[in-house]
Each structure stands twice: as structure tokens, then as C-alpha cells.
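The structure appears right after this line, and notes come after that.
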Amino acid sequence: MRLAALPALALVLAAAGARAQTPGGVAAGEAIFQDRCTLCHGPAGGGQGPSLEGVVGRKAGALAGFSYSPALAVSGLTWTPATLDTFLAGPSALVPGTAMRAVVADPAERRDLIAYLASLRRP
């Protein structure tokens, strides 16, 4: 290999590494959702928890037709990626009294799950 090609090779490897670290894998998040969340949060609702379609940007406890815990209903939160990250890391720590008990401890899994949730739009 010619020495002149080494800088180009370094750029290619750096770009590949940057792509591998891109936050929020929707496909990985969908797999996590299917494995851990659909029992309560089916895509169209009807489960123990509310539908999460359109959750990013929605006020917490505000989806019509679902009976939220009083704690979540008065929390004043809006579901942004940051609030979802904090909530999924420890629901009761952010909203004491919430009915949500599932925890996603791994930050990378939370990132991917939030990317998937952000991709869900209300019909």
C-alpha cells in the first residue's frame, strides 16, 4: 500500500466508526419494543398501558381515552427524548406513584427504543 493512501484509509475508517456510533437505531429499538413493551403498550393501544404512537412531543398523561395514574396525569411532563430517557431509566424516580414499572437500564437500549418511539406517528 502506498503511503499516500493511508490518510484516505484513515478517513474511511473514521467515518465507519462514526456511523457505528450514530445514536438511536430504529430497528434495534423496534426489537426491544416488541420484546419488552408490546404486552402493555400495543402499537394501537388496548393494553394495560396507553398507545405510544405519537408519544414523542405529547404531554404525559394526556392521551384521550386512557386512564392514567394520578401521578402521571399531573406530572406536567412532555415526552421528549430526554424525558423519555430519564423515565425509562427509572419511572418511579421521575414520577413517584406512576403505574409504569418496567425499567430499561442500558443507555444504548434506551437510545434505540426512543429512536423507535420517535418513529411512531399517530394515524
Separation between OG of S92 and CZ of R101, rounded to the nearest 0.5 Å: 4.5 Å
Any side-chain heavy-atom pair of T78 and R58 under 4.5 Å: no
Trace of the side chain to side chain contact (heavy atoms under 4.5 Å, CB included) decision for F33 with L52: CA-CA 10 Å; F33 185 84; L52 297 179; 3.8 Å; yes
Separation between CD of E30 and CG of D112, rounded to the nearest 0.5 Å: 12.0 Å
pair L84-P81: side-chain heavy atoms closer than 4.5 Å: no
Residue among I114, L117, L120 satisfying side-chain contact (heavy atoms from CB on, under 4.5 Å) with V55: L117
Which atom of Y68 lies closest to which atom of P50, heavy atoms considered: OH-CB, 3.5 Å
N/O donor-acceptor pair under 3.5 Å between R111 side chain and G25 backbone: no
Nearest heavy-atom neighbours spanning P96 and A71: O-CB, 3.2 Å
Pair L88-M100, side chain to side chain contact (heavy atoms under 4.5 Å, CB included): steps then yes or no: CA-CA 9 Å; L88 291 169; M100 170 79 165; 4.0 Å; yes
CD1 on I32 to CG on L113, rounded to 0.5 Å: 6.0 Å
hydrophobic_cluster_shared for F87 and V74, side chain cutoff 4.5 Å: no
NZ-CG distance between K59 and L77, expressed to the nearest 0.5 angstrom: 8.0 Å
Any donor-acceptor pair under 3.5 Å from R110 side chain to V104 backbone: yes
Reported CZ-to-NE2 distance for the pair R36 and H41, which is rounded to 0.5 angstrom: 13.5 Å
Atom pair CG (L94) and OG1 (T83), whose distance is rounded to the nearest 0.5 Å: 7.5 Å
For the student: nearest non-hydrogen atoms of P91 and A102, plus distance: CG-O, 3.3 Å
